[in-house]
2 protein chains.
Amino acid sequence: MQTELSTTILPYRMIHDLYVLLDDGDQRVFRAFDLSTSQYAVLVLLDNEQGKRLTDLSAQLLFDKSTITRIVDRLEQSELVRRIADPDDRRAQRVVLTPTGAIRRARAQAAHLESVEQRLAVLDELEHDQLVALLAKLRVGLRVHLADGG
Amino acid sequence: MQTELSTTILPYRMIHDLYVLLDDGDQRVFRAFDLSTSQYAVLVLLDNEQGKRLTDLSAQLLFDKSTITRIVDRLEQSELVRRIADPDDRRAQRVVLTPTGAIRRARAQAAHLESVEQRLAVLDELEHDQLVALLAKLRVGLRVHLADGG
DNA sequence: ATACAACTATTGCGAACACAATAATTGCGC
DNA sequence: GCGCAATTATTGTGTTCGCAATAGTTGTAT
């Protein structure tokens, strides 16, 4: 992924690099809260009332359903979430935050937000907006390309 | 990673999304050549003369050395690379492309390049240059942040 | 009411990764 | 020279993920 010659491919490589760098930083933040990146991603999607079905989590995070099952297993062992029966569908389980889980999530989320803000602080407001606009355009293009079956 | 509130974090989320989308496209391309993404990444770094030590590959790709050992194992089983003894350091192995490997790499690389160019074609030249500049600035900032030990 | 397709969640299995421990080699200090 | 820390590569182990197969439930059509 490093020595390809064309310059057309440059933003591709940089997005790849940036993802690796950002992901590395994220892992450090989450580890301080005894959470993996995927565990954190699940926690962020939950609430402590209605909860979410595992299938919903799978669809939103683009993880296989079996992967969600196991992430929820681990979170349940850590007593950060609970499975409760869905009142309307006996096939379904609803995953809800425990009080402990809600606290852990709030703290991890605050720390993560602060960390990301620090890491992105090299850009001023104009650059920030420009970057968002360009990335948005690219994302739309990629999704269309994906839907076309490319 | 979805429902965080601040807008400061927006480019972070978009880079994350874009990486997922790009990676998905990459995997399809490489699979047509019986290569995983990491196998391809190793092949791209190699040449058929001097080769590279496994430690070098590890440092450049940010994979653990043991991971590189096993990726090279698989590539060697597929007869795309060979390990040769380093003439200057008996601890070291140099990984070189076989003729088969060189051909496979060239074809996969060409296909990948074309695929990426298509996917990035939604941006015109100006946008392309702006994006590269912004990403470069961000990357520098992240690396500094990393070096600081944050 | 019954059969059947679709859906929810789980389990078994294998692939790919990181971390820790290990063996061999190198280079440095003394 | 000799010992010892650092380096290179490998192996063992555990984690995390996707895919395929499975059990139970639901909705629908006949």
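Every chain is numbered from 1, with letters handed out A, B, ... down the list of sequences.
Every pair passing salt bridge (Lys or Arg N to Asp or Glu O under 4.0 Å) that includes a residue from residues 63-75 of chain B is listed here, sequence neighbours excluded: B:D73-B:R83. Under the side-chain hydrogen bond (donor to acceptor under 3.5 Å, both in side chains) criterion, the residue pairs touching residues 93-104 of chain A are A:D86-A:R94, with sequence neighbours excluded. Within the structure, every pair that satisfies the side-chain hydrogen bond (donor to acceptor under 3.5 Å, both in side chains) test and touches residues 123-140 of chain A, not counting sequence neighbours, is listed here: A:E127-B:K137, A:K137-B:E127, A:R139-B:D17.
Partners of B:R53 by salt bridge (charged side-chain N to carboxylate O under 4.0 Å, His left out), not counting sequence neighbours, listed by chain and number: B:D56. Checked against side-chain hydrogen bond (donor to acceptor under 3.5 Å, both in side chains), A:Q118 has the following partners two or more places apart in sequence or in another chain: A:E114. B:D47 pairs by the side-chain hydrogen bond (donor to acceptor under 3.5 Å, both in side chains) definition with nothing, not counting sequence neighbours. B:R119 is linked by a salt bridge (charged side-chain N to carboxylate O under 4.0 Å, His left out) to B:D26, counting only residues two or more places apart in sequence or in another chain. Qualifying ring-ring contact (aromatic ring centres under 6.0 Å, His included) partners for B:F63, counting only residues two or more places apart in sequence or in other chains: none. Not a single salt bridge (charged side-chain N to carboxylate O under 4.0 Å, His left out) links B:R107 to another residue, sequence neighbours left out.
Distance B:F63 CZ to C:dC17 C1': 8 Å, rounded to the nearest Å. Whole-Å rounding puts the A:E76 CD to C:dA9 P distance at 13 Å. Atom CD1 of A:I68 and atom C1' of C:dT10 are 13 Å apart (whole Å).
Contact between A:I15 and A:L138 at its shortest, heavy atoms only, is CD1-CD2, 3.8 Å. What you find for B:L35 and B:A108 is that their closest heavy atoms are CD1-CB, 4.1 Å.
For C:dT8, the OP1/OP2 oxygens have no side-chain nitrogen or oxygen of A:R83 closer than 4.0 Å. For C:dA16, the OP1/OP2 oxygens have no side-chain nitrogen or oxygen of B:S38 closer than 4.0 Å.
Proximity of residues 84-97 of chain B to DNA chain D (heavy atom under 4.0 angstrom from any strand atom) is restricted to B:R91, B:A92, B:Q93.
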Under 3.5 Å, which protein N or O atoms sit close to an N or O of nucleotides 11-15 of chain C? Give each pair with its distance.
| from | atom 1 | to | atom 2 | distance (Å) |
| --- | --- | --- | --- | --- |
| C:dG12 | N7 | A:R70 | NH2 | 3.0 |
| C:dG12 | O6 | A:R70 | NH1 | 3.1 |
| C:dG12 | O6 | A:R70 | NH2 | 3.2 |

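First and last contacts of DNA chain D with chain A, using any nucleotide atom under 4.0 Å from a protein heavy atom and ordered 5' to 3', fall at D:dT16 to D:dT26.
Among the heavy atoms of the strands lying under 4.0 Å from B:L62 are primed sugar atoms or P, OP1, OP2 only; no base atom is included.
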